[in-house]
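Some notes on the structure that comes next.
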Protein chains: 2
Amino acid sequence: MIFLRYAKTIHKKMKRVSLKDIAREAGVSTTTVSFVLNGKAREKRISEAVCQRVQELVCALKYKPNQVARGLRTGQTKTIGLMVEDISNNFFATLARIIEDEADRHGYKVLYCSTENNTEKAKELLQMLHHRQIDGYIITPTNGIEEEIRELLQHKRPMVLIDRYFPEIPTNYVMVDNFRGAYMATEYLIKSGYRKIGIVTLASEQVQMQDRLEGFMAAMHQYKLPVRKYDLKKIPFEQQREKTVQEIVRFLRPATRPEAVFFTTNYLGIYGLEAIKQLGIPVPEELAVISYDDHDLFRLHNPSITCMAQPIAEIGRQVVQVLVREMEEQNGNGNGNGNVNVNQLVLPASLVVRSSCALQEWVI
Amino acid sequence: MIFLRYAKTIHKKMKRVSLKDIAREAGVSTTTVSFVLNGKAREKRISEAVCQRVQELVCALKYKPNQVARGLRTGQTKTIGLMVEDISNNFFATLARIIEDEADRHGYKVLYCSTENNTEKAKELLQMLHHRQIDGYIITPTNGIEEEIRELLQHKRPMVLIDRYFPEIPTNYVMVDNFRGAYMATEYLIKSGYRKIGIVTLASEQVQMQDRLEGFMAAMHQYKLPVRKYDLKKIPFEQQREKTVQEIVRFLRPATRPEAVFFTTNYLGIYGLEAIKQLGIPVPEELAVISYDDHDLFRLHNPSITCMAQPIAEIGRQVVQVLVREMEEQNGNGNGNGNVNVNQLVLPASLVVRSSCALQEWVI
DNA sequence: CTGAAAGCGCTAACAC
DNA sequence: GTGTTAGCGCTTTCAG
């Protein structure tokens, strides 16, 4: 049985037990306790007896180290910063969940924040994450944030970009092959017999959107199909839902209506379905629909919507893995050389064939 | 112009500027700088000149206080812990976004975690949040976590429960009136002319689910309609999607099929739609559908799905407001009396009439 | 008006 | 084998 000399005091003050308390109870120094707790008992050759005694007290008093103090001391907060475009977006929310689980397996917790795709906000958030001493960054970069990314790189802060990247900056990233995905989506439409194909995308300079547009263009070009100016609709990112829907309605007006539309993000697809519903256009009879990104809605919509799905779980797993490796590397050895290889993963998107494009027998 | 004596050193070491650096540059003590930074210049009657000089240096060196150190010293990490059932769930993700914004307005950041509705996991997470010294808790409680909640209460940790609560524990909470919501939904079905009404709910002891079931029962009873045992389906929470869909398919088999179904959560509703799709039952002609919680999918589904929507934005705003108030209160005065009033907000759900229940002229 | 100094709880180099 | 001690960066009491 362990005699807790100070237990009463501790309880009365409702104060958390600290390492010092354990040391005092055990009649050893804080160093010893610290060593035992950090698994350095062997290395530091702490006697078995002391070791045991400390462990018992830790359990008895339910001692848990104060992460903040430890963070201050070691510089490691065991926290990952997750900067996404918008955590309420299905894609990012699902990703956040995977990242949470995966990070947890390595002992990390996640602080999230949404940029709204706003450069200024993103910069501030990066600052904030820095001041909170997070150990690693998972970033959905906005435009105009190159400078800050470069700085993080220079300071050798563990970091992985997701969803998009800067071709001119050698960072880690985990991406989906947007060009190929868009190409495949478009090719699928073409092979399904459509020739007048429209695209609704974001008016964005970001690579991932550019790539999708280019993938579309490449496929159209490959099959020698024209893309007229009214076949291409670019929606400003910040634009309100209502307005967007209206613009899509206009885009789909009978006069210039394409035979098939490709929406380059899932929410554009959702808005698009809204517009289509308003117009009462039968899908796929009068208009075939394909979207980038999957969504519950696409599966259940009537008709169900064919799409290019991103391997979200895989992205989440990979991104954490890369990040953790880098954090531990930085931790283990100073690695003055800085010759850490960058990890640039490009995962394939996959075509999910459903019923919004007539020809369903076609197999990729 | 400011002469930065040590600027070179600082830069070379890539070290963050600290309060000490500012003090040294300014030729004053750290105390003074701290006072200036914390807006106590007036109070402490720091001379205008010194004040100015410090401010300039802070800007010039882009100094930002180290939150971890500050956290250790003050015990305040300016972090809120958000424990939800599953961050990837649309309802919680949307809520997380609102909470993020609202918290930010008060200078707080959010650490999130998902319980998966698993008591053990939830307990661990609560521990984890505690060790990270978060300033306040926003909790979606699981069953069996009463003890821990009581403890938090005893220790006067700022906390607000959401989505559900424990009637026997006097905590703050922000809820939706589940009983009334379910009552209204059921009443709407009844007034729309349906008499054989089924309900698909979770096999859960949690109040919010109980309330919904009771609301349904109360309405049925009020209108003297029977609820046969095959009109009630309870799905275990952990159950896989596939299995759930199959059970709903079975529940809707022609022999015992009700005229209308009430799904008590949005994902049950989604699974339900999947089952309905499999069976090819025409809605609302042969089966009317209503669901608790709104979802993009319900709006766009064909036919669009009538539902009881929770005021998510309002919940988010209120929950942060209550929490912040409590955190600041605790901060301001020790308030030894502990006579802080609990804030128990019950917000109304609202009926969103769409086309999945035939009679649409009915107005609540 | 300003500064010295004592920690917050923990880690780890260095001593004995 | 174990303890002493010096901080991590910041706040705040108390003394000038």
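So that the names make sense, note that chain A is the first sequence line, chain B the second, and so on, each numbered from 1.
In terms of phosphate contacts, A/Ser34 brings no side-chain nitrogen or oxygen within less than 4.0 Å of OP1 or OP2 of C/dC10. Contact annotation: A/Arg70 reaches the phosphate of C/dT11 (side-chain N/O to OP1 or OP2, under 4.0 Å). Close to D/dT2, at under 4.0 Å from its OP1 or OP2, lies a side-chain N or O of A/Ser47.
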Check against side-chain contact (heavy atoms from CB on, under 4.5 Å), B/Thr140 and B/Met83: CA-CA 6 Å; B/Thr140 310; B/Met83 197 167 101; 5.9 Å; no

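Between the CG atom of A/Asn38 and the C1' atom of C/dC10 there is a distance of 9 Å, given to the nearest Å. When the C1' atom of C/dC10 is taken as reference, atom NE2 of B/His131 falls 14 Å away, rounded to whole Å. Distance CD (B/Gln67) to C1' (D/dG9): 11 Å, rounded to an integer number of Å. Look at NZ on B/Lys64: it is 17 Å from P on D/dG9, rounded to the nearest Å. One can place CD of B/Gln52 at 17 Å from C1' of C/dC1, the figure rounded to the nearest angstrom. Protein atom CD1 of A/Ile46 is 14 Å distant from nucleotide atom P of C/dT11, rounded to whole Å. Distance, B/Arg45 CZ to C/dT2 P: 11 Å, rounded to whole Å. Here the P atom of nucleotide D/dC10 and the CZ atom of B/Arg24 are 12 Å apart, to the nearest Å.
Between B/Asp135 and B/Lys78 no salt bridge is recorded (no basic side-chain N to carboxylate O distance below 4.0 Å). Taking the charged nitrogens against the carboxylate oxygens, A/Glu116 and B/Arg97 do have a contact shorter than 4.0 Å, which makes a salt bridge. A/Glu102 has a carboxylate O that lies under 4.0 Å from a charged side-chain N of A/Arg105, or vice versa, which qualifies the two as a salt bridge. Look at B/Lys121 and A/Asp101 and you find a salt bridge, because one of the NZ, NE, NH1 or NH2 atoms lies within 4.0 Å of a carboxylate O, short of that distance.
Mapped onto DNA chain D by nearest heavy atom, B/Leu37 and A/Thr74 fall at different nucleotides, with A/Thr74 at the one closer to the 5' end.
Relative to the side chain of A/Ser29, the nucleotides C/dG3, D/dT4, D/dG9 differ in distance, and D/dT4 lies closest. The listed nucleotides are C/dG9, D/dT12, D/dT2; the one nearest the side chain of A/Val50 is D/dT2. Of all nucleotides listed (D/dC8, C/dC10, D/dC10), D/dC8 comes nearest to the side chain of A/Leu72. Across D/dG1, D/dT11, C/dT11, the shortest atom-to-atom separation from the side chain of A/Leu19 is found for C/dT11. Side chain of A/Asn66, nearest nucleotide from C/dG3, D/dT11, C/dC10: C/dC10. Picking from C/dC10, D/dT5, D/dC10 the nucleotide with the shortest atom distance to the side chain of B/Ser18 gives D/dC10.
The residue B/Val68 sits apart from the nucleic acid: no heavy atom pair falls under 4.0 Å. A/Lys40 comes within contact range of the sugar-phosphate backbone alone, with a heavy-atom separation under 4.0 Å but no base atom that close.
Between B/Pro170 and B/Leu153, the shortest heavy-atom distance links the atoms O-CD2, 3.8 Å.
Interface remark: the A/Arg73 side chain does not form any donor-acceptor pair with the C/dG9 base, using a distance-only criterion of under 3.5 Å. Contact annotation: side chain of A/Thr31 to base of C/dA12, donor-acceptor pair present below 3.5 Å.
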